[in-house]
Amino acid sequence: MTSIDSPQLDPLGRYHSLAGSVDALTLRNLLRALDASDSAVMITDAQRRIAYVNAGFTRLLDYSSLEALGRIPAEMLMGRHSDPSLAPAIAEALLLRGQAHGEALVYSRSGQPRWVSMVINSCDLPDRGASSITVFSDITLTKMHEVLQKRVLESMVRETPLHELMNLVCHEVERIAPEVTATILAVDEHGKVHPLAAPSMPSYVGQAIEGQSIGPQAGSCGTAAWRGEPVLVTNIQTDPLWVNYRDLFAPTGLQACWSSPIKNHQGQVVGTFAFYFQDQRVPDALHHRLVEVCVHLCAIALEREASRQRIHQLAYFDVLTGLPNRTMFRQKAESALQQLASAQQGGALLYIDLDRFKHVNDSQGHAAGDTLLRTVADRLLSHIGDEALPGRLAGDEFVLLLSDCGPDQAVQTAQGLLQALGEPVQLEGQTHTPQASIGIALYPSDGEHIDALLRHADQAMYQAKSETRHSLLLFSADMNQRTEARAALERALRQALPLGQLSLHYQPQLDCADALSLHGVEALMRWQHPQWGWVPPDQFIPVAEESGLIHAMTRWLLDECCQQLAQWRRDGLRVPRLALNLSARSFHQNDLAQHIETALQRHGLAPQDLVLEITESVMMDPRSVTAANIERLHQQGLVFSLDDFGTGYSSLSYLHRLPIGELKLDKSFVQDLSASPTARALTLSVMSLAQSLGKTLVAEGVETREQQDWLQSQGSLVLQGYLFSRPLPAAALPAWLQANGLT
């Protein structure tokens with residue numbers, strides 16, 4: 001601490017009025033207090049020269065009192081990247097208002113950049129004229145965390161595209177540390193680099209390094225990715241690592257490069273983050289901290305993108321054949337039909353089903369069956385033009401939508417496909433000659449929407465398969481056998497509700513966070529017909545939806561669920577919540593939200609007692625009434641559960657925009673866990689996604705102890721399946737809970 005007795009070393013002693021008004025002890029204590037402050041304090045005199053700085057000023061900016069006294073702050077603290085308009089703006093603010101505040105980039109004695117928050121106040125000291133007191137607070141780390149992390153993470157939540165997100169990171173880094181030129185590269189599984197962001201780098205650089213291989217002498221970035229550790233080059237023009245790239249970078253004037261690998265949670269290098277400098281220098285502490293924060297953010301972003309791509313592939317494409325799956329085919333087909341309608345053109349839908357495919361699986365194994373399906377997909381793609389839309393619906397069922405196509409051309413295309421598909425193929429060392437049956441439905445005569453065309457082409461295909469196999473058949477109006485069966489089912493279903501044939505069964509859902517505990521129950525609708533017996537839901541629910549019966553059934557379902565849950569509560573049975581499936585068509589009713597609210601109030605239940613399971617078709621529904629129902633139910637406090645997650649569209653944008661609180665992992669993944677590494681990998685991706693989004697994950701279809709153990713080992717989630725219990729009548733649930741120690 002400087003002595004207050006020496007005029008040379010005691011800057012406050014210049015103000016004799018202060019010295020005269022307080023004793024030496026008080027003044028010494030005042031100086032000690034200022035020196036102990038975390039903030040930097042600077043006082044200037046009437047000539048705007050520094051008259052005093054505290055110890056905090058020295059700690060922040062490395063200038064001692066002797067070095068600072070008498071100097072003009074702007075000349076001492078401003079650097080090449082500081083805002084040149086700052087000093088005039090401060091002078092003007094002090095003149096007009098007597099105070100100023102804001103943020104600034106200043107430089108320490110050693111040239112280190114510091115972001116500070118400044119509060120400046122004018123003061124008049126007797127006999128000394130106008131002065132100012134400035135308090136600096138170091139906000140460098142705060143700026144990094146608040147600006148970088150807040151903006152980047154918010155952009156992730158908003159589903160900002162990866163390139164925009166990476167550009168944002170670079171821009172924010174260059175704002176915090178203007179002496180830096182930041183770049184981000186992605187590294188693919190083949191060891192090739194792909195520029196993601198380099199907003200301050202000439203575009204020709206990115207174009208030149210696109211697709212280049214990483215390696216032991218591939219510049220700073222390629223070498224860092226190859227080594228898996230940071231690489232610092234302080235002289236690009238002489239370092240051997242840059243021998244192949246120094247001419248490319250010479251026009252940029254960049255002299256040094258520090259590159260750090262970006263790794264995923266498995267430790268694999270997925271990218272690099274680099275700082276370039278115009279000087280031959282090493283990074284300072286601020287740069288190290290920036291890289292630490294940014295590498296972490298980039299790793300999250302790249303893993304998010306990888307998960308997005310995996311889920312996109314899962315949502316839109318058949319994993320085995322690479323063809324569009326049912327969801328993608330339907331979307332693209334509807335769009336294609338709209339274009340045909342606008343152009344007043346015809347089209348044709350070909351429904352292709354392999355003959356005796358089950359025999360291949362049974363006799364030669366599923367590996368042979370998979371090989372055959374991939375071969376069929378390849379031959380289908382090689383036989384069609386760019387205007388045709390292919391897809392794989394399920395199993396051995398393929399479809400092909402032909403645009404601007406009449407009956408003769410459709411038949412000709414189908415005949416060519418039968419011939420191409422019938423070429424011999426080697427399956428597990430044996431020669432197999434595939435055969436297929438094709439049904440054809442014409443647009444618009446056989447249907448104006450894709451569902452009608454699929455249904456009619458499917459009927460024609462089954463007719464062809466039942467008659468001769470390895471043939472094709474056009475749909476005709478007399479193919480009404482299935483239509484009659486459906487009509488009979490609809491007539492019976494109309495009587496099911498008033499006759500009391502519908503009932504609910506309840507399947508427990510168990511939380512495996514610690515010991516198994518009851519998470520809730522799912523209500524499942526059942527129909528017992530006096531002649532047909534138990535009719536599967538997948539047979540009568542679609543009929544109910546198509547016929548409009550689903551609305552009355554939904555109202556009954558809601559009242560029945562609420563009544564049953566209230567009764568269990570009155571009986572002292574602790575059922576935390578009840579989940580029920582709602583049809584997409586139910587959301588087309590304006591009074592859906594009101595009916596649910598009324599049912600809850602009638603039975604004394606809270607909105608949190610119900611979980612509404614919806615399919616992805618509800619999320620994709622463009623109708624305003626659907627959106628209004630979802631919003632009102634969410635405002636009421638009801639929780640939405642996304643059923644069969646992973647088998648349909650699964651768009652992250654919908655998960656962000658809609659109030660989904662729970663994801664239900666489709667049982668097909670659970671059933672394949674023991675035999676399929678792909679199923680395990682996709683399951684882990686969905687679990688990671690649910691955890692990162694803060695959503696409950698329910699794994700349904702758990703049937704074996706092995707499946708349970710594997711799922712529990714991966715983290716906290718909810719389990720549901722036959723391993724624990726089949727759906728039970730309401731009266732049987734109390735005994736099951738008691739038997740399993742869950743009461």
Side-chain angles (χ1 to χ4, degrees), residues 149 151-170 184-190 192-197 262-273 294-320 322-329 331-332 615-617 619-620 640 642-666 668-669 677-697 714-715 717:
Q149 292 196 13
R151 292 188 182 180
V152 174
L153 292 176
E154 283 180 351
S155 295
M156 288 186 192
V157 172
R158 291 195 301 268
E159 296 292 318
T160 300
L162 183 63
H163 283 277
E164 293 183 24
L165 189 63
M166 296 294 96
N167 269 302
L168 173 64
V169 172
C170 291
I184 302 172
L185 301 179
V187 178
D188 64 24
E189 64 272 19
H190 305 295
K192 305 292 186 181
V193 300
H194 308 282
L196 287 178
I262 302 169
K263 299 181 180 181
N264 62 17
H265 70 282
Q266 297 171 327
Q268 299 168 330
V269 176
V270 294
T272 62
F273 182 72
C294 292
V295 165
H296 177 65
L297 290 172
C298 291
I300 294 174
L302 289 172
E303 288 212 74
R304 182 201 69 153
E305 183 66 17
S307 297
R308 185 209 303 270
Q309 292 176 359
R310 287 193 295 268
I311 293 175
H312 176 84
Q313 186 72 18
L314 176 68
Y316 287 103
F317 294 93
D318 173 52
V319 176
L320 181 63
L323 293 176
N325 64 10
R326 180 186 294 271
T327 300
M328 185 177 191
F329 176 81
Q331 289 180 341
K332 287 188 172 293
T615 62
E616 294 177 353
S617 61
M619 295 199 308
M620 294 184 293
F640 287 93
L642 182 56
D643 202 8
D644 298 333
F645 184 75
T647 61
Y649 192 69
S650 304
S651 170
L652 291 179
S653 65
Y654 286 108
L655 293 182
H656 164 58
R657 285 161 38 201
L658 297 180
I660 303 297
E662 177 182 281
L663 304 178
K664 293 199 74 175
L665 180 67
D666 187 69
S668 61
F669 295 124
T678 301
R680 291 193 292 271
L682 292 173
T683 299
L684 287 173
S685 297
V686 175
M687 293 177 70
S688 176
L689 175 66
Q691 182 180 12
S692 64
L693 295 178
K695 302 184 186 302
T696 302
L697 181 65
Q714 303 307 315
L717 73 166

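Taking CG from Leu682 and CG from Leu665, the interatomic distance works out to 9.5 Å, rounded to the nearest 0.5 Å. Thr272 contributes atom OG1, which lies 3.5 Å from atom CG of Leu185 (distance to the nearest 0.5 angstrom). Note: Leu697 CG to Thr683 OG1 = 9.0 Å, rounded to the nearest 0.5 Å. Note that CZ of Arg304 and CG of Leu162 are 7.0 Å apart. Values are rounded to the nearest 0.5 Å. Cys298 SG to Phe273 CZ: the interatomic distance, rounded to the nearest 0.5 Å, is 5.5 Å. Atom CD of Glu662 and atom CG of Leu717 lie 10.5 Å apart (nearest 0.5 Å).
The two residues Leu663 and Ile660 make their nearest non-hydrogen contact at CD2-CG2, 3.9 Å. When all heavy atoms of Ile262 and Leu302 are compared, the pair lying nearest together is CG2-CD1, 3.9 Å. Scanning both residues, Leu165 and Met156, for their nearest heavy atoms gives CD2-CG, 3.7 Å. Contact record, Gly322 with Phe317: O-CD2, 3.4 Å, taken as the closest heavy-atom pair.
Residues Val270 and Val187 form no side-chain contact, since every pair of their non-hydrogen atoms from C-beta on lies 4.5 Å or further apart. Between His163 and Leu196 the shortest side-chain heavy-atom distance falls below 4.5 Å.
A donor-acceptor contact under 3.5 angstrom links the side chains of Ser155 and Arg158, judged on distance only.
The salt bridge (charged side-chain N to carboxylate O under 4.0 Å, His left out) test applied to Glu303 returns no partner, not counting sequence neighbours.
Checked against Gln714 for a side-chain contact (heavy atoms from CB on, under 4.5 Å), the options Gln691, Arg680, Met687 give a single hit: Met687.
For His296, the NE2 atom sits in a loose shell: 12 or fewer heavy atoms of surrounding residues, nucleotides or ligands are nearer than 6.0 Å.
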CA sep, side-chain torsions, deciding dist, call: Gln268, Glu189, side-chain contact (heavy atoms from CB on, under 4.5 Å): CA-CA 9 Å; Gln268 299 168 330; Glu189 64 272 19; over 6 Å; no
